[in-house]
Structures are given as structure tokens and as C-alpha cells.
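A short worksheet on the structure shown next.
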Amino acid sequence: MIYQYSEKVIIILASALLALIFCVKKLHSLYLSNKWNCQEVLRIKHDYFGIQNAKKLFAYRNEGRDLQMQRNLFIDYNTETLRQTLLGKDLIYTCSIENIKAVVNHQFEDFSIGYRHEAFKPLLGDGIFATEGPKWKIAKTVLRPQFTRDQISDLHNLEIHVKNFAARIREFKGEKFDVQDLVLKLTLDASTDFLFNESVGSLTSQDYVSGGYTFEEAFNKVQKYIFARGLLQSLYWIYNPKDFRECLDVIHTFTHSFVEKALKMTSSEIEDKIAKSGGYVFIYELVKITRDPKILHDHLLNIMLAGRNTTSALISSLILELARNPQVYEKLKNEVYLHFGDNENCDLDSINIDTMKKCNYLRHVVNEGLRLYPSVPQNYRCAKKNTTLPTGGGADGSKKVFIEKGQVVFMSFYSLQRSERFYGKDANEFNPDRWESIKNPGGFMPFLSGPRICLGQQFAITEASYIILRFCQLFPNLKSFETEYPPRISANATMKLRDGVFVSCS
Ligand code: HEM
């Protein structure tokens with residue numbers, strides 16, 4: 001009896017203590033919020049725990065329209081920052097450039113990448129994309145020099161894969177096909193070649209097969225799994241299905257074999273390989289810096305994840321828009337032919353990073369693709385301590401906002417880059433000409449900014465520009481078969497056009 005009585009008392013005391021801690025924390029937050037002149041953010045209406053909001057979001061997500069829905073919310077509420085409760089979790093959504101810059105740049109130290117490390121670790125280990133703090137700094141020091149101008153300006157090896165890509169397209173004999181599918185293969189082959197000095201050959205059906213999966217299938221699937229784990233935040237560990245583990249096995253076995261091979265080579269053998277490759281090979285350059293197999297393994301997979309789908313999303317979106325806008329395609333072809341000739345009269349050696357830079361319209365087309373279809377359409381960070389955001393509070397959204405330690409802040413680059421504030425009434429339209437008058441784009445951050453800015457920015461722009469340029473030469477006739485516009489988008493860690501990109505070309 002006494003025992004039962006004391007058990008009840010303990011429960012009541014513990015509950016009271018928790019409630020007290022909660023109240024003290026809330027009061028402290030209120031005090032800081034007042035002290036720092038912050039005001040409340042507009043809150044999206046919600047039911048208990050935001051279950052209806054979550055249902056709505058998932059319904060839009062299934063339809064490939066969640067990015068659009070988010071943009072519409074900002075427009076409907078006439079603000080750039082909103083608070084919403086989803087499944088009991090309080091989230092801040094922002095497309096304000098001031099807030100985004102604060103999170104990723106000016107107040108970088110106030111925010112972390114949340115559970116990304118734990119969620120992505122089975123694929124990315126301790127690589128640059130999944131770590132922060134000292135581990136991230138070391139990775140950055142090793143990787144930054146790999147993206148200097150000389151390394152990224154080699155286009156000879158890329159041309160081999162462009163030729164394979166063109167051959168696959170010609171198999172359709174001018175009939176309708178999904179170009180996105182082939183672009184994904186192209187960027188996979190090009191990135192495995194660049195990283196391992198050996199392409200998986202997904203365009204030529206030579207793809208590496210293990211455990212019933214091709215490398216391509218395994219890599220595509222694994223990305224979906226790790227993104228879903230990231231969404232689960234602290235519950236990431238409950239999502240670890242057998243299929244995920246099998247796909248990881250394929251990828252790690254493949255990567256391991258290349259790391260082993262490279263580590264068995266002597267320095268002179270490596271120099272010899274580099275000379276024979278005729279260009280730059282990532283794995284050999286890294287082996288010169290470190291011979292730790294785990295570090296090499298992690299670097300390779302991180303660069304692969306960072307670079308392959310992002311570049312593919314940009315190229316596929318560009319082909320979609322070029323096919324829909326024949327006048328843009330015509331203007332682009334004219335510029336390409338003027339500088340480099342058509343396919344029959346082109347000296348491929350004349351195409352390089354410098355000569356491509358002279359093609360202003362090509363640059364404008366690529367920028368417009370990056371603007372409307374940011375490969376990383378949304379991102380999030382988690383507050384490491386009590387802090388503020390510069391804007392979004394109060395009735396007119398101009399006041400500072402208090403951010404409590406642990407608060408998750410979602411940033412929508414999709415909404416930012418389609419904002420009428422920066423791009424006017426036709427913000428939703430594909431209009432490369434707008435870049436003629438834009439000198440310092442205010443609302444443009446496809447590669448992020450601040451300390452975690454994309455290391456492969458120039459690499460990606462060079463690769464995408466080259467592929468689009470060659471596409472103009474190889475396929476002057478391009479027709480769109482898109483039925484829905486704007487296209488539906490699958491927004492995971494990177495974006496993909498949900499229904500593919502159906503075109504015909506010759
Ligand atoms: C159109 C193509 C690309 C876009 C739009 C893009 C965009 C981004 C963005 C937004 C981030 C920041 C992610 C975050 O921290 O949350 C990032 C990081 C990164 N990107 Fe890219 N990327 C592209 C292509 C590439 C390529 C081709 C490579 C390498 C071959 C690359 C390498 C990296 C690396 C290493 C990081 C991590 C940087 C760090 O955390 O310090 N990216 N990229």
C-alpha cells in the first residue's frame with residue numbers, strides 16, 4: 001500500500017517537475033524574445049498536432065505539387081516566413097532571402113544540419129555532405145583543392161559519354177522518349193568515370209551488377225531511403241528496410257573495389273594512370289593526399305551524391321524548357337553555331353571553359369534553369385542555441401523572429417527563386433532574356449551561400465553548359481510532349497521531374 005502510494009507521488013512529482021521545466025523554458029524564451037525585440041511569426045491554422053496539415057502536405061507531395069503548395073502558402077498569407085505545426089512538430093518555413101542568408105551564412109554557427117549525419121551515415125559515412133564541425137572542416141580542406149579551374153576544365157572524357165547519350169537517343173529514331181532517364185544515366189557514367197576512372201556504363205548497358213541490382217538502380221533507391229530517414233528526424237533509425245541494406249551493399253562493394261585497387265598502386269603507377277586517362281581522376285588525386293580506405297571511400301560517395309542527381313536535374317529541366325520554348329532553342333542554337341559551328345563543322349577542341357563563357361545566352365539559359373528548377377529545392381537547419389532571424393515577425397513580417405534552441409527552419413529555394421519581389425510578374429516563366437538586365441541577382445541561391453556553399457558549382461555549370469551546347473549541335477530539331485505545366489516535381493534531397501521529360505529530337 002505504502003509502496004503504491006509512493007509510486008503515485010513520484011509520478012506526480014516528476015510530471016510537476018517536467019511541467020515546471022517547460023514553463024521556465026517558455027518564460028525564458030519569452031523574456032529573450034522581448035529583450036531581442038522579436039515578434040511572433042504568422043502561424044498557419046492547424047488542428048491538434050497539425051494532423052490535417054500533414055495529411056494535406058503528403059497528399060500534395062504524392063502529386064508532386066508540394067513545392068508549389070508551399071509557394072502558394074507564402075502568396076496566400078502574403079508573407080515570406082510562416083510557422084506551422086506538422087505532426088506535433090513546430091516548424092518555421094521561410095523563403096526570405098534575409099532569413100536564408102542568416103541561417104546559412106551570417107549566423108552559420110547558430111545552426112546545425114540536424115539529424116542529417118545519422119540519417120545519411122549508412123551511405124555517406126563521415127563525408128563532407130553528412131558531417132559538421134571538425135570532421136566537416138577536414139573534409140572541406142581535402143576536397144576544396146580538387147575543384148580548381150584546371151581540374152574542372154577537362155571536357156574530353158565527358159565527350160565520350162555525350163556520344164553514348166546521343167547514340168541512345170538516336171535509337172528512338174525521332175520518336176517520343178523520356179530524356180530525363182537518359183540524362184540520369186549520362187551523369188552517372190560521367191561521374192563514375194571522373195571519380196573512379198571507370199564508368200559504370202549505364203548508357204551502354206555494361207552497368208555493374210551485384211545482388212540483383214545494377215549500380216544505377218541501387219544508387220537511385222538508396223537516395224530515396226536516406227531522404228525519408230532524414231525527414232523522420234530523431235526517428236531516422238526506425239527506417240532501415242532490407243532493400244535499403246541490400247542496395248547499400250551493392251554501392252559499398254563497388255566503391256570498396258576501386259579504393260582497394262587504387263591503394264595497391266605505387267606512386268609511379270598512379271602518375272602513369274593519370275597520364276593515360278588524359279584528364280583528371282579524383283580517386284588518384286585523393287590517394288596522393290590520404291591512404292586511409294574509409295576516408296577515401298566516404299569522399300568518393302559524398303561527391304557522387306552531391307554531383308550526380310543535381311547536375312542531371314538541371315540538364316533535364318533545361319531540355320524540358322528548351323523543347324517547350326522553340327524561340328529560345330532557336331536563339332541558343334544560333335549562338336552555339338556562331339561560336340562553334342554545327343555538329344558537322346565543329347572542332348571539339350575549341351570548346352572549353354573560356355570559349356563557353358563567351359556564349360552569354362547559354363549562360364542566361366543555364367541561370368534560368370537553375371532559377372526555376374533549383375536542384376536542391378528546399379533545405380533545413382536546426383538551431384543549436386536560442387537565436388533570432390532578421391525578419392518575418394509582427395503583422396507586416398518586418399520584425400525579428402525569436403528562434404528557440406532545437407527549432408527546425410525550412411528554407412524554400414524554389415519559392416525564393418520564383419519570387420515576384422525579385423523577378424516580377426513573370427517570375428514563374430522561363431525567360432532567359434531576363435538575365436541581360438540582372439547584375440546582382442538578389443533572390444538566387446541554387447548553390448547555397450556561406451561556408452557550406454557547393455564546392456562543385458563551377459564544375460556543374462561547365463558540365464551542364466557543355467552537354468546543352470552539344471545537344472544543340474547533335475539534335476537541332478526538338479519537340480516537347482509535355483502535357484502538364486508546370487511539371488510535377490519529386491522533391492527529395494534533390495529534385496527530379498516526376499513524370500519524366502518526354503521529347504522527340506533528331
Ligand atoms: C546543378 C548542380 C548542382 C547544384 C544545384 C548543387 C547545389 C548544392 C547545394 C545547394 C549544396 C548545399 C547543401 C547543404 O549543405 O545543405 C551543395 C553542396 C555541395 N556540393 Fe553541390 N550542387 C551541384 C553540383 C555539384 C557537383 C557536380 C559537385 C561535385 C562534383 C558538387 C559538390 C558539392 C559538395 C562537395 C557539397 C558539400 C559542400 C559542403 O558541405 O561544404 N555539387 N551543392
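Treat the numbers as computed from the prediction; the structure is a model and nothing was measured.
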Checklist entry - Quick one: side chain to side chain contact (heavy atoms under 4.5 Å, CB included) partners of Cys382, sequence neighbours excluded? => result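 For Cys382, the residues satisfying side chain to side chain contact (heavy atoms under 4.5 Å, CB included) (neighbours in sequence not counted) are Ser112, Val408.
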Hey, are [X] and [Y] close enough for a salt bridge, meaning a charged N less than 4.0 Å from a carboxylate O?
X      : Y      : value
Arg43  : Asp90  : yes
Arg421 : Glu80  : yes
Lys137 : Glu132 : no
Glu217 : Lys221 : no
Asp110 : Arg381 : no
Glu109 : Lys385 : no
Glu420 : Lys425 : yes
Arg65  : Glu484 : yes
Arg434 : Asp426 : yes

Checklist entry - Hey, mind stepping through Trp435 and Phe430 against ring-ring contact (aromatic ring centres under 6.0 Å, His included) and telling me if it holds? => result CA-CA 11 Å; Trp435 289 92; Phe430 184 77; over 10 Å; no
Expected list for residues 166-176: side-chain donor-acceptor pairs under 3.5 angstrom, two or more places apart:
{"unit_1": "Arg168", "atom_1": "NH1", "unit_2": "Leu203", "atom_2": "O", "d": "2.9"}

Would you call [X] and [Y] a side-chain contact if the rule is heavy atoms closer than 4.5 Å?
X      : Y      : value
Met411 : Gln378 : no
Asn53  : Thr85  : no
Pro390 : Asn99  : yes
Ile461 : Phe447 : yes
Ile467 : Leu158 : yes
Tyr373 : Gln417 : no
Ile489 : Arg498 : no

Next on the checklist: Angle between ring planes, Tyr93 versus Phe410, binned at 30° and 60°: parallel, tilted or perpendicular?
Outcome noted: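 The arrangement is parallel - the two ring planes meet at less than 30°.
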Checklist entry - How are the rings of Phe194 and Phe459 set to each other: parallel, tilted or perpendicular (split at 30° and 60°)? => result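 Judged by the thresholds at 30° and 60°, the geometry between Phe194 and Phe459 is tilted.
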Taking the six-membered ring of [Y] as reference, does the cationic atom of [X] (NZ for Lys, CZ for Arg) lie under 6.0 Å from its centre and within 45° of its axis?
X      : Y      : value
Arg229 : Phe120 : no
Arg371 : Tyr423 : yes
Lys331 : Tyr361 : yes

Next on the checklist: Under the criterion side chain to side chain donor-acceptor pair (under 3.5 Å), I'd like the reasoning laid out for Ser375 against Thr310: C-alpha separation, chi angles, the key distance, then a yes or no.
Outcome noted: CA-CA 5 Å; Ser375 310; Thr310 44; 5.5 Å; no
Hey, what do you get for [atom1] ([X]) to [atom2] ([Y]), rounding to the nearest 0.5 Å?
X      : Y      : atom1 : atom2 : value
Ile468 : Cys359 : CD1   : SG    : 13.0 Å
Asn72  : Ile75  : CG    : CD1   : 5.5 Å
Asn334 : Leu338 : CG    : CG    : 8.5 Å
Ser202 : Asn220 : OG    : CG    : 9.0 Å
Leu318 : Leu370 : CG    : CG    : 7.5 Å
Met304 : Leu124 : CE    : CG    : 11.0 Å

Checklist entry - Only one of Lys163, His156, His161 clears side-chain hydrogen bond (donor to acceptor under 3.5 Å, both in side chains) with Glu159; which? => result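 With Glu159 as partner, side-chain hydrogen bond (donor to acceptor under 3.5 Å, both in side chains) holds for just one option, Lys163.
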Next on the checklist: Show the nearest heavy-atom pair for residues Gly397 and Thr391, with the distance to one decimal.
Outcome noted: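 For Gly397 versus Thr391, the nearest heavy atoms are O-OG1, 2.9 Å.
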Item to check | From CA spacing to verdict: salt bridge (Lys or Arg N to Asp or Glu O under 4.0 Å), Glu40, Arg83 | outcome: CA-CA 9 Å; Glu40 242 323 301; Arg83 190 187 284 278; 3.3 Å; yes
Item to check | Full working for salt bridge (Lys or Arg N to Asp or Glu O under 4.0 Å) between Glu63 and Arg488 | outcome: CA-CA 7 Å; Glu63 277 300 300; Arg488 303 198 293 169; 3.2 Å; yes
Item to check | Heavy-atom neighbours of Lys479 NZ exceed 12 at 6.0 Å | outcome: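 It does not: Lys479 NZ has 12 such atoms or fewer within range.
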Checklist entry - What do you reckon, is CG of Asn345 surrounded by more than 12 foreign heavy atoms closer than 6.0 Å? => result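 Yes.
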Checklist entry - salt bridge (Lys or Arg N to Asp or Glu O under 4.0 Å): which pairs involve residues 437-456, sequence neighbours left out? => result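 Listed by first then second residue: nothing to list.
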Item to check | Check: Ser412 main-chain N/O paired with Ser415 side-chain donor or acceptor under 3.5 Å | outcome: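 No: the side chain of Ser415 does not pair with the backbone of Ser412.
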Item to check | Check: Asp178 side chain, Phe502 main-chain N or O, donor-acceptor pair, under 3.5 Å | outcome: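 No, because the side chain of Asp178 does not come within donor-acceptor range (under 3.5 Å) of the backbone of Phe502.
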